[in-house]
Amino acid sequence: MSYGYGTYEKSYYDMIFSKREIGDMAEAIEGIYDNLEDEENLITFLRRSGLGLLGFHPTYGLAASVANILIDIFKDDGGYKKGLAVNLKNTYSRLFKVYRTMSGTNPNQGDKYVSCKADMETLVIEGVEIPVYFVEKGFETRDGRWILV
């Protein structure tokens, strides 16, 4: 799907993520979602931490460009506003659930799972990939066994 503005979606299958990567993506999406209504706050969030959490060098120019396009998509009358907001919220919820699952129930025993296999779609803006869909397929235990979801 193309959102216009020179953006596009990219799909990944059977990707393996660490708990930290899951947490970083969730934190980045939460910040983007929380600041979608205010461009200056979104630029500040992306420059200070959001782009770094997504694995990109946080420069002001890149943050401003990505924020501007996200705000344009969000304010577009073509139905993208609701779709983008829903996708971000659902992806954040899914990532947070996976993060908690990987942590396990007993903090004294450490993480229950060391990695997660998942399918993911990202919205690519100026080369920055923002997760907009995520579904876990399995978890790897500390002894290397995979538990399928």
Quick one: which residue pairs count as a salt bridge (charged side-chain N to carboxylate O under 4.0 Å, His left out) with a foot in residues 49-71, not counting sequence neighbours? none

Please list all pairs passing the salt bridge (charged side-chain N to carboxylate O under 4.0 Å, His left out) test where one or both residues lie in residues 40-52, with sequence neighbours left out. none

side-chain contact (heavy atoms from CB on, under 4.5 Å) between V128 and L46: does it pass, once the steps are laid out? CA-CA 11 Å; V128 175; L46 288 170; over 6 Å; no

Set of residues satisfying salt bridge (Lys or Arg N to Asp or Glu O under 4.0 Å) with respect to [X], sequence neighbours excluded:
{"X": "K10", "value": "E129"}
{"X": "K117", "value": "none"}
{"X": "D38", "value": "none"}
{"X": "R94", "value": "E136"}

Nearest-0.5 Å distance that lies between atom [atom1] in [X] and atom [atom2] in [Y]:
{"X": "N90", "Y": "L95", "atom1": "CG", "atom2": "CG", "value": "11.0 Å"}
{"X": "L123", "Y": "T7", "atom1": "CG", "atom2": "OG1", "value": "5.0 Å"}
{"X": "D24", "Y": "I29", "atom1": "CG", "atom2": "CD1", "value": "11.0 Å"}

Please list all pairs meeting ring pair (Phe, Tyr, Trp, His ring centres under 6.0 Å) that have one or both residues in residues 20-45, counting only residues at least two apart or in different chains. none

Pairs flagged by ring pair (Phe, Tyr, Trp, His ring centres under 6.0 Å) wherever residues 99-149 is involved - sequence neighbours left out: F17-F134, Y113-F139

Assess whether side-chain contact (heavy atoms from CB on, under 4.5 Å) is satisfied between D14 and K137, documenting all intermediate values. CA-CA 8 Å; D14 295 330; K137 297 170 73 177; 2.5 Å; yes

Checking T101 against K112: is there a side-chain donor and acceptor pair closer than 3.5 Å? no

What verdict does the side-chain contact (heavy atoms from CB on, under 4.5 Å) test give for I130 and L88, after you've listed the backbone C-alpha separation in whole Å, the side-chain angles of each residue and the deciding distance to 0.1 Å? CA-CA 9 Å; I130 301 168; L88 289 173; 4.1 Å; yes

Could you list the residues that satisfy side chain to side chain donor-acceptor pair (under 3.5 Å) with D143, not counting sequence neighbours? T141, R145

Only counting residues at least two apart or in another chain, list the ones meeting side chain to side chain donor-acceptor pair (under 3.5 Å) with S93. none

Minimum heavy-atom distance [X]-[Y], with the two atoms named:
{"X": "D119", "Y": "Y13", "value": "OD1-CA, 3.2 Å"}
{"X": "L54", "Y": "P131", "value": "CD2-CD, 3.8 Å"}
{"X": "V132", "Y": "N87", "value": "O-CB, 3.4 Å"}
{"X": "G50", "Y": "A28", "value": "O-CB, 4.0 Å"}

Applying the 4.5 Å side-chain criterion to the ILVMFWY set and letting contacts propagate, would [X] and [Y] be lumped into a single cluster?
{"X": "I69", "Y": "L62", "value": "yes"}
{"X": "V114", "Y": "M102", "value": "no"}
{"X": "V149", "Y": "I22", "value": "yes"}
{"X": "I125", "Y": "M120", "value": "yes"}

Mind checking what makes side chain to side chain contact (heavy atoms under 4.5 Å, CB included) contact with E30, not counting sequence neighbours? D34, Y92

Going through the distances and angles, do L42 and I32 end up as a side-chain contact (heavy atoms from CB on, under 4.5 Å)? CA-CA 6 Å; L42 183 56; I32 291 168; 4.3 Å; yes

Sequence neighbours excluded - side-chain hydrogen bond (donor to acceptor under 3.5 Å, both in side chains) pairs with any residue from residues 54-70: E39-N68, S65-E126

